[in-house]
Amino acid sequence: QVQLGESGGGMVQAGGSLRLSCAASGGTFSSVVMGWLRQAPGKEREFVAAITRNGGSTYYADSVKGRFTISRDNAVNTVYLQMNSLKPEDTAVYYCSARLSPIVRDTPQAYQYWGQGTQVTVSS
């Protein structure tokens, strides 16, 4: 069983930056694919980014490519999401998630473990 806890959300003006962190416990962190997904009010949960178990490969939604960077530090069981050039449409609850299979997927249903979420609000 993997427990996940996000931090780092908040309110920022358009064009600003935020860094989200997600600490994992209760499992072997280096054996899971990690992802960030988000859900805006009235919308479906959507994929944002994912990173392979050893951090060697990363994947992004087209909407965040070039602005967001996912990374992980297996020594401290933490995954990060650096968000730059934020836009109002990035406003959402951001969830950290873990997938047991080593194959990266971009659908919420593919992830078995979830954090409680952290709110990101970008004002125009």
Side-chain angles (χ1 to χ4, degrees):
Q1 190 80 5
V2 178
Q3 290 85 44
L4 303 171
E6 303 93 338
S7 61
M11 183 176 293
V12 64
Q13 288 190 332
S17 298
L18 282 173
R19 189 194 197 202
L20 305 183
S21 299
C22 173
S25 62
T28 305
F29 183 71
S30 59
S31 68
V32 294
V33 165
M34 294 300 298
W36 287 96
L37 293 89
R38 68 186 181 186
Q39 189 165 16
K43 294 190 175 181
E44 300 279 327
R45 193 169 297 190
E46 65 175 4
F47 173 81
V48 174
I51 188 166
T52 51
R53 294 181 296 182
N54 65 359
S57 295
T58 56
Y59 303 82
Y60 299 95
D62 288 342
S63 58
V64 306
K65 206 170 291 183
R67 300 188 297 121
F68 290 11
T69 302
I70 187 171
S71 61
R72 66 190 295 165
D73 186 342
N74 288 349
V76 294
N77 294 352
T78 302
V79 63
Y80 306 96
L81 185 68
Q82 178 66 44
M83 305 185 294
N84 298 329
S85 302
L86 282 160
K87 304 175 181 180
E89 51 263 43
D90 294 318
T91 295
V93 176
Y94 283 71
Y95 296 92
C96 170
S97 57
R99 171 170 164 79
L100 296 173
S101 168
I103 301 171
V104 174
R105 290 287 184 263
D106 63 0
T107 57
Q109 296 82 356
Y111 292 81
Q112 288 78 41
Y113 300 102
W114 295 85
Q116 80 284 357
T118 186
Q119 177 71 46
V120 171
T121 302
V122 184
S123 61
S124 57

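Any value given below was found using the heavy atoms of this structure, including those in side chains, with hydrogens, waters and symmetry copies removed.
Annotation: salt bridge (charged side-chain N to carboxylate O under 4.0 Å, His left out) contacts of Arg67 (sequence neighbours excluded): Asp90. For the side-chain hydrogen bond (donor to acceptor under 3.5 Å, both in side chains) test, residues two or more places apart in sequence or in another chain that qualify with Thr121 are Gln119.
Contact of the Leu4 side chain with the Tyr95 side chain is not registered, since no non-hydrogen atoms from C-beta on lie closer than 4.5 Å. Between Pro102 and Arg53 the shortest side-chain heavy-atom distance falls below 4.5 Å. Proximity of Tyr113 to Leu100: side-chain heavy atoms (C-beta onward) are separated by under 4.5 Å at one or more points. Looking at heavy atoms from C-beta onward, Tyr60 lies in side-chain contact with Ile70 at the 4.5 angstrom threshold. In this structure the side chain of Val64 reaches within 4.5 angstrom of the side chain of Arg38, judged on heavy atoms.
Under a cut-off of 6.0 angstrom, the local environment of CD in Glu44 is sparse, with at most 12 non-hydrogen atoms contributed by other residues, nucleotides or ligands. For Lys43, the NZ atom sits in a loose shell: 12 or fewer heavy atoms of surrounding residues, nucleotides or ligands are nearer than 6.0 Å.
Met34 approaches Cys22 most closely through the heavy-atom pair CE-SG, 4.5 Å. For Tyr59 against Thr52, the heavy-atom pair with the smallest separation is CE1-CG2, 4.1 Å. Nearest heavy atoms, Ser17 versus Asn84: OG-OD1, 2.9 Å. Between Leu20 and Val120 the shortest heavy-atom distance is CD2-CG2, 4.1 Å. Considering all non-hydrogen atoms of both residues, Ser124 and Pro88 come closest at CB-CG, 3.9 Å. Between Val93 and Gly117, the shortest heavy-atom contact is CG1-CA, 3.8 Å.
Within the 3.5 Å criterion, the main-chain N or O of Cys96 finds a donor-acceptor partner in the side chain of Glu6. Counting only distance, with no hydrogens or angles, the side chain of Thr91 and the backbone of Val122 share a donor-acceptor pair below 3.5 Å. Looking at Thr78, its side chain never comes within 3.5 Å of a backbone N or O of Asp73 through a donor-acceptor pair.
If you take CD on Gln82 and OG on Ser21, they are separated by 9.5 Å, rounding to the nearest 0.5 Å.
A cation-pi geometry, defined here as NZ or CZ lying under 6.0 Å from the six-membered ring centre and within 45° of its normal, does not hold between Arg45 and Tyr111.
Under a hydrophobic clustering in which Ile, Leu, Val, Met, Phe, Trp and Tyr are joined whenever their side-chain heavy atoms come within less than 4.5 Å, directly or via other members, Val48 and Ile51 fall into the same cluster. Residues Leu81 and Leu86 share a single hydrophobic cluster, defined by chaining ILVMFWY side chains whose heavy atoms lie under 4.5 Å apart. Taking hydrophobic clusters as Ile, Leu, Val, Met, Phe, Trp and Tyr residues chained together by side-chain heavy-atom distances below 4.5 Å, Trp36 does not share a cluster with Phe47. No continuous path of hydrophobic side-chain contacts links Val79 to Val33 [ILVMFWY only; heavy atoms under 4.5 Å].
A tilted orientation is assigned to the rings of Phe68 and Tyr94, their planes being inclined by 30° to 60°.
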Is there a side-chain contact (heavy atoms from CB on, under 4.5 Å) between Tyr80 and Thr69? Walk through the geometry before answering. CA-CA 8 Å; Tyr80 306 96; Thr69 302; over 6 Å; no

